[in-house]
2 protein chains.
Amino acid sequence: MWLTIDLRSETAIYLQIRDQVIQGILLNELKIGESLPSVRQLAADLGINMHTVSKAYNLLKQEGFIQIHRQKGAIVNAPNSYQASEEYYEQLKKAVKPLIIESSCRGISKGYFYKICEQIYRNIGLLEKGG
Amino acid sequence: MWLTIDLRSETAIYLQIRDQVIQGILLNELKIGESLPSVRQLAADLGINMHTVSKAYNLLKQEGFIQIHRQKGAIVNAPNSYQASEEYYEQLKKAVKPLIIESSCRGISKGYFYKICEQIYRNIGLLEKGG
DNA sequence: ATAACTGTTATATATTATATATAACAGTTA
DNA sequence: TAACTGTTATATATAATATATAACAGTTAT
């Protein structure tokens, strides 16, 4: 299973699932039209409650990443369904800003911040399959 | 007062205070050795509870940004007290990574992501005084 | 000395978010 | 008919956040 969770993490379980599904889509581990495990199946695999998985799936649906069919289950959407919107740009800015402010305050230069980002991008690139 | 809070924000009040104090330090609105308002004073100004302010101050103390003296109040530390540590680098990476992953998944290129960061850095630079 | 101010501690309460536990429902598929 | 979907409902537990009072111990100004 490509999905793992950390029960001791400060990040809520349903958000960990959400983030990893998004990562799976980016890395092409989850392809367009592909089905995610059923809420019961994934919950059993991870040893958590069904409703926690359901919460993650519904969030992903609300954000456009997947569709949920009553019978077919959760299916990965095409990229146009979750293309960055103006609203998302603002949300992203609001999320990045305090990180830049604190890191700057702690003496991390712009160049070094970008270096850290480069590491992350490189790390994603290495994981990415079939470009 | 240079500090404002948004009660409807998803960000906890005590974290909003923390973030703005850090921003104040970065922008030199708060100088080394300068005192922050007392917990009671700031709470009254913001129309919130004393303990919420106290929680923010204690977090800032724990992170090295300020010192708290029983009588003198909360005093801004010198930069060496909150210089980025190896632990902080890891924390920063962990915070930035999901943002890069989601934005990439939503079709935002590395170049555009940096453009957004540039906007933020420029915005900070414009606000910065006597840098 | 007294009053006014510090941060701290303690106790109690309320709300919200997160997570779990069961159970049942309605529809599909084998 | 049996086994599987997501969904809905109800109930409970825990933790985080925020507030409300009250008191304590030490400093500072009057």
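Lettering of chains follows the sequences in order, A, B, ..., and the numbering in each one begins at 1.
Between B/Leu26 and A/Ile101, the shortest heavy-atom contact is CD2-O, 3.8 Å. Nearest approach of A/Tyr57 to A/Ile66, heavy atoms of both residues: O-CD1, 3.4 Å.
Here chain A contacts DNA chain D (any atom closer than 4.0 Å to a heavy atom, that is under 4.0 Å), and the contacts span D/dT5 to D/dA9 from 5' to 3'.
Using bins of under 30°, 30° to 60° and over 60° for the plane-to-plane angle, the ring pair B/Tyr112/A/Tyr89 lands in the tilted bin.
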**Request:** Represent DNA chain C in dot-bracket notation, 5' to 3'. Only Watson-Crick or G-U wobble pairs with both distances under 3.5 Å count; pseudoknot-style crossings use [ ] and interstrand partners use |.
**Result:** |||||.||||||||||||||||||||||||

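Judged by distance alone, the side chain of B/Asn58 and the main-chain N or O of B/Ser54 form a donor-acceptor pair under 3.5 Å. For A/Gln83 (side chain) and B/Gly107 (main-chain N/O), no donor-acceptor pair under 3.5 Å exists by modelled atom type.
With sequence neighbours excluded, the residues satisfying salt bridge (charged side-chain N to carboxylate O under 4.0 Å, His left out) with A/Arg18 are A/Glu63, B/Glu102. Residues satisfying the ring pair (Phe, Tyr, Trp, His ring centres under 6.0 Å) criterion with A/Tyr82, sequence neighbours excluded, are A/Phe65. With sequence neighbours excluded, no residue forms a side-chain contact (heavy atoms from CB on, under 4.5 Å) with B/Lys94.
Nearer to the 5' terminus of DNA chain C, by closest-nucleotide assignment, is the contact made by B/Lys61 (compared with the other of B/Lys61 and A/Ile48). In terms of position along DNA chain C, the nucleotide closest to A/Gly47 lies nearer the 5' end than the nucleotide closest to the other residue of the pair A/Lys72 and A/Gly47.
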**Request:** List the steps and the verdict of side chain to side chain contact (heavy atoms under 4.5 Å, CB included) for B/Gln20 and B/Thr4.
**Result:** CA-CA 8 Å; B/Gln20 288 190 55; B/Thr4 55; 4.0 Å; yes

**Residues B/Val21, B/Trp2; criterion side chain to side chain contact (heavy atoms under 4.5 Å, CB included); working and verdict** = CA-CA 9 Å; B/Val21 168; B/Trp2 43 271; 4.2 Å; yes

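Scanning residues 49-57 of chain B for heavy-atom distances under 4.0 Å to DNA chain D yields B/Asn49, B/Met50, B/His51, B/Thr52, B/Lys55.
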